[in-house]
Amino acid sequence: MTLMPNRWLGLTAFLFAAEGSGSGSPGGDGASPSPEAVLFPNDRAQTGDEAENGQSLTISYANADDDATDDPASDEAGDLADTVPEDGRYSLTMPEGVEVDQELLDALGTDFRDMGLTSRQAQKLADTFIETQTKRGAAAAEGWANRVQGWADDARKDRDIGGHKWQGTVSNAQRALSTLGTPALKEYLNASGGGNHPELIRIFAKVGSMIREDNPPTGGADGDGRKAETAHLLFPNDAPKGK
């Protein structure tokens with residue numbers, strides 16, 4: 001019957017959680033392209049690879065025929081793999097970095113048993129599912145990395161902030177972040193890739209261009225050596241209270 005494998009796959013989609021499943025690619029070097037971080041050049045904009053430090057999952061599962069020996073225990077294990085657990089309890093071997101939701105697996109075990117799923121078939125299904133999800137995750141990570149890099153490329157070509165203005169734009173944006181930003185903001189911009197987005201670079205650069213360490217704009221700190229108030233930097237046309 002053709003619908004049964006589809007039902008199996010639908011059920012198993014809820015059973016397995018790969019740590020950093022958006023990273024790596026089976027059979028490759030596990031590395032997705034790393035986009036630059038425009039506003040934090042000493043850092044990299046994160047991709048899915050950071051979740052597992054660029055490691056990929058290697059999927060392998062035992063086949064009793066491959067390890068055939070004269071050991072009675074081995075023969076017995078092979079026989080058990082080809083049986084349907086009467087109690088509906090399946091024991092699956094996971095690759096490194098993947099954990100089974102055992103509570104859910106136990107809850108669905110009776111369904112697997114009623115479908116006639118042997119332990120070997122359950123293991124094969126788990127291996128195939130994890131391998132497929134890992135490949136999908138690698139493709140998604142690569143796509144996201146390309147998108148974040150594309151933002152940086154678009155910003156460089158922007159007629160208002162790019163071209164010959166680019167270095168000044170980046171310098172001003174970095175000044176705004178170093179003056180008004182927080183470590184949490186930096187972490188967010190790197191994790192989301194937002195630090196490469198043309199519109200965020202544009203607004204940060206605008207704020208940075210208004211910041212003067214020793215000579216803030218008129219209406220800020222009156223040019224007496226004090227830093228301008230944040231509110232004035234963001235809304236320079238509003239007169240400070242009490243003036």
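If you're wondering where the values come from, they're calculated on a predicted model, not measured in any experiment.
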> Taking all non-hydrogen atoms of both residues into account, name the closest pair between Met94 and Ala126 and its distance.
CE-CB, 3.8 Å

> Charged N to carboxylate O under 4.0 angstrom, Arg156 versus Glu36?
yes

> Keeping the roles fixed (side chain from Gln121, backbone from Thr118), state whether a donor-acceptor pair exists under 3.5 Å.
yes

> Ser119: what forms a side chain to side chain donor-acceptor pair (under 3.5 Å) with it, not counting sequence neighbours?
none

> Could you list the residues that satisfy side chain to side chain donor-acceptor pair (under 3.5 Å) with Asp160, not counting sequence neighbours?
none

> Rounded to the nearest 0.5 Å, what's the gap from CG on Leu39 to OG on Ser178? Could you check?
11.0 Å

> Can you confirm whether Leu117 sits close enough to Val84 that some side-chain heavy atom of one is under 4.5 Å from a side-chain heavy atom of the other?
no

> Donor-acceptor pair, Ser209 side chain versus Lys206 backbone, under 3.5 Å?
yes

> So, using side-chain contact (heavy atoms from CB on, under 4.5 Å) as the criterion, who are the partners of Asp114 when residues are at least two apart?
none

> If I compare all heavy atoms of Leu200 with all of Ile203, which pair ends up nearest, and what's the gap?
O-CG2, 3.2 Å

> Could I get the full list of ring pair (Phe, Tyr, Trp, His ring centres under 6.0 Å) partners for Tyr90, not counting sequence neighbours?
Phe112

> Check Ile211 against Ala176 and note the closest heavy-atom contact, atom names and distance.
CD1-CA, 3.8 Å

> Going from CD on Gln123 to CZ on Arg120, what distance comes out if it is rounded to the nearest 0.5 angstrom?
10.0 Å

> Drop me the distance from Phe204's CZ to Leu185's CG, to the nearest 0.5 angstrom.
5.0 Å

> Nearest 0.5 Å please: distance from the CE atom of Met210 over to the CZ atom of Arg175.
11.5 Å

> Quick check for you: to the nearest 0.5 Å, what is the distance between Asn172 atom CG and Ile161 atom CD1?
11.5 Å

> Could you work out, with ring pair (Phe, Tyr, Trp, His ring centres under 6.0 Å) as the rule, every residue matching Trp166, not counting sequence neighbours?
none

> If you look at every heavy atom in Gln174 and Val38, which pair is closest and at what distance?
NE2-O, 3.8 Å

> Supply the atom-to-atom distance Ile201 CD1 to Asp154 CG, rounded to the nearest 0.5 angstrom.
10.0 Å

> With sequence neighbours excluded, what pairs up with Arg202 under the side chain to side chain donor-acceptor pair (under 3.5 Å) test?
Asp158, Glu199

> Is there a donor-acceptor pair closer than 3.5 Å between any side-chain N or O of Ser192 and the backbone N or O of Gly194?
yes

